[in-house]
Amino acid sequence: MLLLSHLFASLSATPGALSTTLGSLVQFIELAAKLQPVILHRAPLSWDSSVPPADLPSYILDFMSCHLGTSEECVQQLWTALGSTIWSTGKAVLEGAGDGGDGGADEWALEDMDSFLLSTDRDHVECKALYYPNYVVHDGVRQYYDDIPEYIQVSGHKFIERQVLEHFTMLSVLSWTSSTNAAHIYQQSMAKLSEDAPEDSRFRLRAAHTADGFLILALLKDAKDRGVVLEVPSTGHQKDRFTAAVHIAESGQPEFAHWCTKCVRRFDDADGVTRYVDCIITDGIDMGRPCCGEHNCRGELRTPQDRWCVGHQGQELFCVVEGCCMGHRVGHRTCELHCAIEEHYIATGKAMFTLRARLQRAQVAHPTDAINPNTPINEEIEADIPGPCPEKPAEGNQRVRARFGRRRTHNEQLIVRPCGIITSRETFYGSESIPQVVDMVKRRHLVPNSMPRFLWYDNNCGVYKYCAANHGEDLHLKIGLPVDVFHWKCKHKKTDIECSYHCNPYKYPELLKDNTSGFFNSSRAEQTNVWFGGYHAIKNKLTCAKLEAEGCIPTYRRDLQFAPAMSV
């Protein structure tokens, strides 16, 4: 930390530095500390990193001058006065932030400097294009080369070998390893050349690098499979650069046309005509991620620590009790009326049973960060309030709910083939409702002839009832909606017409081998969710390889072509 007395003395020793305003001075100190790793990255390996350069590099002077709105001479004067102090204190702060695995403040500087250098560096300009090992930049667009490179640029100054990224991918798919833990594994097992070699902070691998490398490699593979060139914006922040290129979430993936002997049955009917029957299974799993506190809001959070999206930031001013429209007290999360609930919440967080619950979670979960696990506790509580609540009737139950932490999405909904191939995934924010399930199934099969013959869902009788009751909804007329044999025998009322007739699995003999089993694994979605609960992404290539080895002849339907999904 810079003491004011030391700061004033350093400025007084440098002519011209005292003429800087306080606001510009604060901005200079913050920016110089963040740009320290940028200077280190471009320094010779023989340079002693503990000693700051006497003169800032020209590209740093140009960058800081633009951001601070001052002259390069003024920037150099401030560096002469404060550089040594900023170098020693800033390095410690940045290295400490880096241990958390989230990239720290230096990632911001690297990203902005990367964009700045792309627009100012003229050493590699040819026909107004900038050429780099992985891509060429022209008119603000980063166009990757056709072949997947052996060394992939994951940030402005870091490259990761492709085989290492493949290793990270398998760690994620097979053992649910997070990006942070993948970086830890690399640092502990692969980064050091020898036990005696000192660690250089310039080459520390961070979670942001492993995550971006995973994404870039996947996008390059996808572009190669589709015969297109990967193009992304060259300006802006790294976290936003590849958003538009990730098309799988909205348009599905080639596996929507998958079929094999495990998910398509070929048979001859009574007239000797060859027919085919196929099906899908859908199910949801509760594995919420942070989202906006407004119910069903799909707005993105600026950071995972935020509780509200940009459009609902004003909600931060109000009491956290659901339905309360009063402002919270200064330094607290509740209003005067609900202060007892906050006291109860604080006491609950300190209680021994909470600590025991946290320990149990840590033993069964796959922590995002194995070095510094942060297992969340229940951040929603219900409690009785001593007096009447203005948002509730004067008579009746006075129990209210308060959300002190972030709201999380309700579930991830999967559509799975009986062979295990996942064709679609969608996030449900507020609840897993029947209208959402019906809408998802329809939107994922808008390509002509792509709708399967049958849909298995654990509440198909509810789906049939909903479709039959809504004018214009005809999904129940296009596909069969059977329930599982076990569910039909044990969990459904035979008095309900939907259960006893419309969703009766014995109504569809083409699906049944005998009275107790069927040709297809109707529990495949639930089985897949067991694996999906430990991992938040999908890798169908391994499943296809397994089906190939089992002789199931996995392929794609020739009458279907991969195309972006259209709106309903």
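None of the values given here were measured: they were computed from a predicted structure. Along the sequence shown, the residues carry numbers beginning at 1.
- Shown here for Leu56 and Gln76, the closest heavy-atom pair between the two residues is N-OE1, 3.1 Å.
- With hydrogens and angles disregarded, a donor-acceptor distance shorter than 3.5 Å links the side chain of Asn296 to the backbone of Gly430.
- Residues Val136 and Tyr145 have side chains in contact (heavy-atom distance under 4.5 Å, counting atoms from C-beta outward).
- In this structure a side-chain-to-backbone donor-acceptor pair under 3.5 Å is present from Asn134 to Tyr151.
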(request) Show your reasoning for whether side-chain contact (heavy atoms from CB on, under 4.5 Å) applies to Met440 and Gln413. (result) CA-CA 9 Å; Met440 177 183 177; Gln413 194 77 15; 3.7 Å; yes
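- Distance CG/Asp55 to CG/Leu61: 8.0 Å, rounded to 0.5 Å.
- Proximity of a side-chain donor or acceptor of Glu432 to a complementary backbone N or O of His410 within less than 3.5 Å is not detected.
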(message) Apply side-chain contact (heavy atoms from CB on, under 4.5 Å) to residues Leu165 and Ile160 and explain how you reach the verdict.
(response) CA-CA 7 Å; Leu165 289 176; Ile160 300 181; 3.7 Å; yes
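- Annotation: the span from Ile148 atom CD1 to Leu217 atom CG amounts to 6.0 Å, rounded to 0.5 Å.
- Considering only heavy atoms from C-beta on, Val141 stays 4.5 Å or farther from Pro233 through its side chain.
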(request) Report the C-alpha separation of Leu130 and Tyr132 in whole Å, then their side-chain angles, then the decisive distance to 0.1 Å, and conclude whether the side-chain contact (heavy atoms from CB on, under 4.5 Å) test is met. (result) CA-CA 7 Å; Leu130 298 175; Tyr132 292 88; 3.6 Å; yes
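- Counting heavy atoms from C-beta on, the side chains of Ser234 and Tyr135 never come closer than 4.5 Å.
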(message) Under the criterion side-chain contact (heavy atoms from CB on, under 4.5 Å), I'd like the reasoning laid out for His338 against Cys324: C-alpha separation, chi angles, the key distance, then a yes or no.
(response) CA-CA 9 Å; His338 297 124; Cys324 182; 3.7 Å; yes
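- When side chains are defined from C-beta on, Trp87 counts as touching Gln36, because their heavy atoms get closer than 4.5 Å.
- Rounded to the nearest 0.5 angstrom, Ile60 CD1 and Leu31 CG are separated by 8.5 Å.
- Contact check for Arg142 versus Glu231: no side-chain heavy atoms found under the 4.5 Å cut-off.
- No side-chain heavy atom of Gln143 sits less than 4.5 Å from a side-chain heavy atom of His138.
- Because its NZ or CZ atom is not both nearer than 6.0 Å to the ring centre of Phe404 and within 45° of the ring axis, Arg333 does not count as a cation-pi partner of that residue.
- In this structure, the side chain of Gln153 engages the main chain of Ser155 through a donor-acceptor pair within 3.5 Å.
- The only member of Met326, Glu343, Arg329, His328 that meets side-chain contact (heavy atoms from CB on, under 4.5 Å) when paired with Thr334 is Arg329.
- A salt bridge links Arg162 with Glu166: at least one charged nitrogen is closer than 4.0 Å to a carboxylate oxygen.
- Residues Gly284 and Asn411 come closest through the heavy atom pair CA-ND2, 3.6 Å.
- Between Phe242 and Tyr144, the two ring planes are tilted [angle within 30° to 60°].
- A salt bridge links Glu426 and Arg443; the closest N-O separation between the charged side-chain nitrogens and carboxylate oxygens is under 4.0 Å.
- Distance check, rounded to the nearest 0.5 Å: CD of Gln436 to OG1 of Thr427 gives 10.5 Å.
- The nearest pair of heavy atoms linking Ile341 to Val321 is CD1-CG2, 4.0 Å.
- Taking both residues in full, the closest heavy atoms of Pro149 and Leu220 are given as CD-CD1, 4.0 Å, listed atom of the first, atom of the second, then distance.
- Using a 3.5 Å distance cut-off with no hydrogens or angles, the side chains of Ser65 and Glu72 do not pair a donor with an acceptor.
- Phe168 approaches Ala182 most closely through the heavy-atom pair CE2-O, 3.7 Å.
- Although no hydrogens or angles enter the test, the distance criterion places a donor-acceptor pair under 3.5 Å between the side chain of Trp79 and the main chain of Pro53.
- Side-chain N or O atoms of Ser172 include one that pairs as donor or acceptor with a backbone N or O of Thr177 at under 3.5 Å.
- Residues Tyr429 and Cys297 come closest through the heavy atom pair CD2-O, 3.4 Å.
- Here the CD-CD1 distance, from Glu30 to Ile86, works out to 10.5 Å after rounding to the nearest 0.5 Å.
- Remark: Glu316 engages Arg307 in a salt bridge, criterion side-chain N to carboxylate O under 4.0 Å.
- The CZ atom of Arg302 lies 13.5 Å from the CH2 atom of Trp308; values are rounded to the nearest 0.5 Å.
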